[in-house]
Amino acid sequence: MSAFRDRVLQIVSLIPPGRVAAYGQVALYAGFPRGARNVGWILHSSEGLVGPDFPWWRVVNNRGRITIKGSLFFSPHDQADLLRREGILVSEDLKLDIEAFRWRPPSTLSFGSGPIRTPSKN
DNA sequence: CAAGTGACGTAGA
DNA sequence: GTCTACGCCACTT
């Protein structure tokens, strides 16, 4: 258990139906700008520990591609199906227009420990 | 402690 | 558009 894990799970649960977020996006909002891989790891290791309402399928990579590998219960095609069910168009190649469906979090999104970090290459 | 692993991201070819 | 190489960071060996 870790604060990072809790934040990731909470943020993913905030993604509304019909929208998607990138792993890196979730990591960013959780306060770990470089933790994209860890988000995937968290979701993988949390499989089965979260309820059926937990929208893990709304997380895709930043190229708009479904690239899950570790799930014991779902295939990439299953994830695509869940997304299509919410109105998101996913090609047979497991690709979607992430810019068109990207989730824009409310500005109220914060966890008391600080504001959302925005990407800056300074 | 060092090396390996992985639902990723980015840059370069 | 594709693929490969490297960086990233929490975790496991």
Side-chain angles (χ1 to χ4, degrees):
Chain A
M1 297 293 283
S2 69
F4 176 55
R5 192 181 95 105
D6 291 338
R7 296 249 185 119
V8 168
L9 296 181
Q10 173 149 11
I11 289 172
V12 172
S13 71
L14 293 177
I15 305 173
R19 297 283 173 152
V20 298
Y23 294 95
Q25 224 186 322
V26 174
L28 178 67
Y29 303 148
F32 291 77
R34 306 293 169 187
R37 281 195 97 156
N38 307 70
V39 171
W41 158 66
I42 290 286
L43 294 182
H44 177 201
S45 67
S46 298
E47 188 174 52
L49 302 179
V50 296
D53 295 328
F54 183 77
W56 59 266
W57 59 85
R58 293 178 193 143
V59 184
V60 298
N61 75 4
N62 207 30
R63 298 175 302 188
R65 211 181 204 174
I66 293 172
T67 60
I68 68 173
K69 288 193 250 178
S71 177
L72 300 174
F73 311 119
F74 298 95
S75 70
H77 185 78
D78 291 330
Q79 181 175 6
D81 238 18
L82 288 165
L83 290 172
R84 292 190 188 106
R85 191 173 168 181
E86 300 181 343
I88 296 174
L89 300 177
V90 184
S91 73
E92 286 303 317
D93 302 30
L94 303 178
K95 293 188 293 189
L96 59 88
D97 187 346
I98 189 171
E99 294 308 329
F101 297 106
R102 190 186 289 278
W103 173 50
R104 299 205 170 259
S107 58
T108 58
L109 178 62
S110 67
F111 292 83
S113 59
I116 300 171
R117 292 196 208 173
T118 53
S120 73
K121 307 199 170 164
N122 267 16

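We name chains A, B, ... by the order of the sequence lines, and we start the count at 1 in each one. Treat the numbers as computed from the prediction; the structure is a model and nothing was measured.
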**Item:** Residue list, side chain to side chain donor-acceptor pair (under 3.5 Å) with A/S46, at least two apart or on another chain
**Value:** A/R5
**Message:** Students often get this wrong, so: under 4.0 angstrom with heavy atoms, is A/A27 touching a base, only sugar-phosphate, or nothing?
**Reply:** nothing
**Item:** Length of the CD1-C1' vector between A/I68 and B/dA7, whole Å
**Value:** 6 Å
**Prompt:** If you group Ile, Leu, Val, Met, Phe, Trp and Tyr by side-chain heavy-atom gaps below 4.5 Å, do A/V60 and A/L89 land in one group?
**Reply:** no
**Message:** Could you check whether atom CZ of A/R84 has more than 12 heavy atoms from other residues, nucleotides or ligands sitting under 6.0 Å from it?
**Reply:** yes
**Prompt:** Same cluster or not: are A/V59 and A/L49 linked, directly or through other Ile, Leu, Val, Met, Phe, Trp or Tyr residues, by side-chain heavy atoms under 4.5 angstrom apart?
**Reply:** no
**Prompt:** Where along nucleotides 4-13 of chain C does protein come under 4.0 Å, by heavy atom, of base (B) or sugar-phosphate alone (S), with - for untouched nucleotides?
**Reply:** ---BBBSS--
**Request:** Find the distance A/H44:NE2 to B/dC8:P and express it as a whole number of Å.
**Result:** 11 Å
**Request:** Report yes if the side chains of A/L9 and A/L43 come closer than 4.5 Å at any heavy-atom pair, otherwise no.
**Result:** yes
**Request:** Counting heavy atoms from C-beta on, name the nucleotide in C/dC3, B/dA7, B/dT10 closest to the side chain of A/N62.
**Result:** B/dT10
**Asked** P atom, C/dT13 versus B/dA7: distance in rounded Å?
**Response** 15 Å
**Contact list for residues 64-74 of chain A, test side chain to side chain donor-acceptor pair (under 3.5 Å), sequence neighbours left out** = A/E47-A/S71
**Prompt:** Could you give all pairs that pass the ring-ring contact (aromatic ring centres under 6.0 Å, His included) test and reach residues 36-64 of chain A, with sequence neighbours left out?
**Reply:** A/W56-A/F74
**Request:** Using atom CG of A/L28 as one end and atom P of B/dT10 as the other, report the distance to the nearest whole Å.
**Result:** 11 Å
**Message:** If you take any heavy atom closer than 4.0 Å to DNA chain B, which residues from residues 84-100 of chain A end up in contact?
**Reply:** none
**Message:** At 4.0 Å (heavy atoms only), tell me whether A/S71 reaches a base, stays on the sugar-phosphate, or touches nothing.
**Reply:** base
**Request:** Give me the residues of residues 76-83 of chain A where at least one heavy atom lies under 4.0 Å from an atom of DNA chain B, by number, or none.
**Result:** none
May I have the list of side-chain donor-acceptor pairs in residues 92-99 of chain A shorter than 3.5 Å, sequence neighbours left out?
{"from": "A/D97", "atom 1": "OD1", "to": "A/E99", "atom 2": "N", "distance (Å)": "3.3"}
{"from": "A/D97", "atom 1": "OD1", "to": "A/A100", "atom 2": "N", "distance (Å)": "3.3"}
{"from": "A/E99", "atom 1": "OE2", "to": "A/R102", "atom 2": "NH2", "distance (Å)": "3.1"}

**Message:** So, using side-chain contact (heavy atoms from CB on, under 4.5 Å) as the criterion, who are the partners of A/P16 when residues are at least two apart?
**Reply:** A/R19, A/W103
**Asked** Between A/L49 (CG) and B/dA7 (P), how many Å, whole number?
**Response** 17 Å
**Request:** For A/F101, check ring-ring contact (aromatic ring centres under 6.0 Å, His included) against everything at least two apart and list the hits.
**Result:** none
**Message:** Can you list everything that forms a side chain to side chain donor-acceptor pair (under 3.5 Å) with A/S75? Sequence neighbours excluded, please.
**Reply:** A/D78
**Between B/dG9 (C1') and A/R65 (CZ): distance, integer Å** = 14 Å
